[in-house]
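Written below as structure tokens is the structure these notes are about.
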Protein chains: 2
Amino acid sequence: MARASSVKDVAARAHVSLGTVSNVLNRPERVSPATRAKVEQAMRDLGFVRNESARQLRAGRSRTLAYVLLDARNPFFTDVAQGAELAAESAGLSLFLCHSGNRPSREADYLAHLVEQRVQGILVTPVDPHAAVLDDVRRNGTPLVIVDRTREDAEFCSVAVDDVLGGRLAVEHLVEAGHTRVAFIGGPETIGQVRDRLAGARQAWAAAGLPDDQLTVIATDALTVAEGRSAGERVMGIGSSRRPTAAFCVNDLLALGLLQQLSTAGLSVPRDLAIVGYDDIEYAAAAAVPLTSVRQPRQELGRRAAELVLDEAEDPDHQHQQVVFTPELVARRSTLG
Amino acid sequence: MARASSVKDVAARAHVSLGTVSNVLNRPERVSPATRAKVEQAMRDLGFVRNESARQLRAGRSRTLAYVLLDARNPFFTDVAQGAELAAESAGLSLFLCHSGNRPSREADYLAHLVEQRVQGILVTPVDPHAAVLDDVRRNGTPLVIVDRTREDAEFCSVAVDDVLGGRLAVEHLVEAGHTRVAFIGGPETIGQVRDRLAGARQAWAAAGLPDDQLTVIATDALTVAEGRSAGERVMGIGSSRRPTAAFCVNDLLALGLLQQLSTAGLSVPRDLAIVGYDDIEYAAAAAVPLTSVRQPRQELGRRAAELVLDEAEDPDHQHQQVVFTPELVARRSTLG
DNA sequence: CCTTTCCGTTGAAACCTTTCAAACGAGGGA
DNA sequence: TCCCTCGTTTGAAAGGTTTCAACGGAAAGG
């Protein structure tokens with residue numbers, strides 16, 4: 001493969017100066033049609049491709065955004081990514097996705113690489129929103145927005161969804177349906193979302209005047225289908241006089257596992273146990289018994305995050321904002337007889 | 001925000017030449033410990049970050065791979081991505097994911113951008129493996145490997161899975177279980193995978209000596225859960241004397257939709273209808289009735305693709321290879337009483 | 001016929017890093 | 001004391017693009 005051709009080669013071939021080639025690329029209206037045609041022909045002949053590194057070096061900034069996400073296999077994040085992509089596209093930028101897989105070291109590697117690349121901005125759902133790596137990015141001047149997590153200090157823009165409200169909506173829905181013994185399934189509590197949704201659940205429970213000890217917390221080690229199955233076994237192990245009649249799962253994967261475990265055991269949803277999930281992933285509606293779930297405006301989350309990061313990149317007196325979206329309950333058969 | 005500092009700034013602050021700073025970065029063993037310490041301190045003081053664009057410009061190549069995928073929400077592709085990521089990581093590279101969302105224009109934009117960035121290599125699951133954009137990339141000298149699709153000409157490396165075999169495995173499994181009326185659910189046939197899996201299904205059917213007209217093709221417009229539900233309605237509409245006793249769905253999403261439709265209608269799986277899916281996505285095992293499915297070595301696919309693209313990038317007399325992996329049937333309750 | 005204006009084009013400088021031949025200085029041997 | 005060697009440091013060049021002040025020429029106006 002011959003060395004890729006440069007503007008200089010194009011200029012030589014078109015018998016013009018290299019400044020003119022650059023003008024064809026960047027300000028075509030300034031170039032006479034005849035010259036432009038000549039240059040464009042030369043580009044085609046040589047298969048010229050702009051060298052983005054050089055362009056970036058000169059311009060000082062790139063034409064990309066990046067989203068560093070926790071888990072590409074979780075539909076929640078890919079939906080957020082899609083929203084971000086739409087916003088990026090309309091700003092004429094490309095969006096690269098980076099998968100940290102929940103590993104802080106990988107996250108740090110990606111962030112460092114992105115900063116070195118001088119991307120226009122970074123969206124990140126961090127493993128730990130307080131990790132110092134985020135501050136390092138800030139110090140290097142790359143705009144960064146935290147997605148689906150929050151930090152108390154106002155050092156960064158962030159977009160998140162009100163998880164306390166989400167928890168409240170879920171439990172209010174169950175209370176309205178007449179349930180008086182409910183299980184909260186989720187964990188570990190180190191995850192902010194788990195804490196917040198539980199807090200919301202408790203608020204709703206208390207507001208309904210129901211006794212504390214009738215809201216049972218079933219702790220899980222992760223938010224996965226397998227953990228949902230195991231939680232299902234534990235629920236079924238509870239003596240029937242004290243067994244909850246409904247469960248609120250902190251995400252849909254848990255809920256799907258729970259549902260599977262129950263139907264394996266021959267129990268019926270919602271008759272024997274009503275279920276509310278969280279996230280409203282595509283597979284929630286596609287489950288054997290379509291799941292009631294708390295929906296978050298995922299695309300919107302991504303779109304807004306991208307807008308904020310662009311604002312931070314372009315507006316010299318940008319103010320950091322903490323955007324909080326409102327979740328919404330989608331009722332389906334898993335709670336409606 | 002002050003302008004980001006450069007090697008020159010670091011050099012000035014450490015009272016050394018800029019060549020020395022570069023040596024600290026790239027060949028630390030050549031620099032005396034005292035000088036190195038001084039330079040490193042200056043870097044910390046200034047918050048110096050390498051400018052990757054300049055580095056790349058000089059070096060002529062970047063330290064990234066990219067995978068342009070069709071649909072980030074399909075777990076199949078994210079698993080492939082994960083495999084590719086592992087390979088990239090052990091080669092010291094970063095992997096960026098680009099989501100084409102099945103849109104040729106977006107795919108073309110991403111490819112163009114990646115070529116301009118002079119990435120080391122591109123993996124792509126193209127909307128259309130024969131599209132000219134792929135040849136353009138080749139012409140510009142960027143290594144490119146086609147993932148999960150094939151092209152007859154040997155212009156590119158590719159990695160794929162033997163879909164004919166997969167189709168055969170699925171139907172052989174059903175035949176062994178004694179089914180003599182089977183539905184093939186999938187479409188449109190413009191998708192190579194659909195054609196191949198159907199071909200495999202027919203092979204197995206013929207090999208078992210079963211009559212052609214007992215393998216019913218139920219065509220769908222897409223490979224989605226919704227289409228699976230609609231296919232379910234059509235299956236149930238068939239008079240019971242002629243109704244198939246088993247269905248082979250061209251992917252798991254269809255199978256999940258079908259399963260949901262049947263259980264809504266009060267039919268039982270596998271008693272009333274056995275189901276085989278394809279892809280073995282996480283949610284296949286998590287379904288109310290765990291799905292029998294044809295598993296593809298997804299991670300392996302990504303890993304191998306990344307290795308091939310690196311070989312193409314590094315080995316001057318690289319030979320294009322068409323790698324074909326073997327699928328495997330995973331039997332679960334949806335076909336086992 | 002000369003001057004002004006304007007459009008199109010030019011060439012050099014700048015962006016930041018890496019590389020490499022050359023310079024440097026200290027220490028050891030003659 | 002001088003020379004050589006070896007390990008360290010230096011400075012300039014290169015890589016491809018963009019920008020911008022300056023230039024040339026032609027048309028328009030006097």
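Proteins get letters first, then strands, A, B, ... in listed order; numbering begins at 1 in each. Bear in mind the structure is a predicted one, so any value in this text is a computation, not a measurement.
- Residues from residues 13-21 of chain B placing a heavy atom under 4.0 Å of any atom in DNA chain D, listed by number, are B:Val16, B:Ser17, B:Leu18, B:Gly19, B:Thr20.
- We find that B:Glu116 and A:Arg63 are joined by a salt bridge, their nearest charged nitrogen and carboxylate oxygen being less than 4.0 Å apart.
- Distance CG (A:Asp9) to C1' (D:dG15): 12 Å, rounded to an integer number of Å.
- With salt bridges taken as basic N to acidic carboxylate O contacts below 4.0 Å, none links B:Glu314 and B:Arg61.
- Within 4.0 Å (heavy atoms only), A:Asn26 reaches sugar-phosphate atoms of the nucleic acid but no base atom.
- Taken over five-pair windows at either terminus, the axes of the helix from C:dC1-D:dG30 to C:dA30-D:dT1 are inclined to one another by 60° (rounded to 10 degrees).
- Residue B:Arg27 places no side-chain N or O under 4.0 Å from the OP1 or OP2 atom of D:dT8.
- With hydrogens and angles ignored, the 3.5 Å screen pairs a side-chain donor or acceptor of A:Gln120 with a backbone N or O of A:Ser62.
- Between B:Asp136 and B:Arg139, at least one side-chain N (NZ, or NE/NH1/NH2) sits under 4.0 Å from a carboxylate O, which counts as a salt bridge.
- Taking atom CG on A:Leu57 and atom P on D:dT19, their separation rounds to 13 Å, with Å as the unit.
- In this pair, A:Phe96 and B:Phe96 present their aromatic rings parallel. The plane angle is below 30°, not in the 30 to 60° band.
- Side-chain contact check for A:Asp148 and A:Gln193: at least one donor-acceptor pair (N or O, by modelled atom type) lies under 3.5 Å.
- The distance from atom CG of B:Asn51 to atom P of D:dT17 is 16 Å, rounded to the nearest whole Å.
- Among all heavy-atom pairs drawn from B:Thr150 and B:Ser158, the shortest one is CG2-OG, 3.8 Å.
- Checked by atom type and distance alone, the side chain of A:His99 pairs as donor or acceptor with a backbone atom of A:Ala72 at under 3.5 Å.
- The distance between atom CZ of A:Arg118 and atom P of C:dT17, rounded to the nearest whole Å, is 7 Å.
- With salt bridges taken as basic N to acidic carboxylate O contacts below 4.0 Å, none links A:Arg151 and A:Asp128.
- Using a 4.0 Å cut-off, no side-chain N or O of A:Arg58 falls inside it from OP1 or OP2 of C:dA13.
- Salt bridge A:Arg303/A:Glu307: present, at least one basic N to carboxylate O contact under 4.0 Å.
- Within residues 31-38 of chain B, the residues that have a heavy atom under 4.0 Å from DNA chain D are, in order of number, B:Val31, B:Ser32, B:Thr35.
- In this structure, the CG atom of A:Asn23 is 16 Å from the C1' atom of D:dG16, given to the nearest Å.
- Within the 4.5 Å cutoff, the side chain of B:Val39 has no heavy atoms near those of the B:Leu25 side chain.
- With rounding to whole Å, B:Glu29 atom CD is found 13 Å from D:dG7 atom P.
- For the OP1/OP2 pair of D:dT18 and a distance below 4.0 Å, the side-chain nitrogens and oxygens of A:Ser22 include at least one atom meeting the criterion.
- Here B:Arg36 does not pair with B:Glu29 in a salt bridge; the nearest charged N to carboxylate O distance is not below 4.0 Å.
- Put simply, CZ on B:Arg30 is 18 Å from P on C:dA23, counting in whole angstrom units.
- Separating the NZ atom of B:Lys8 from the P atom of D:dA13 is a distance of 15 Å, rounded to the nearest angstrom.
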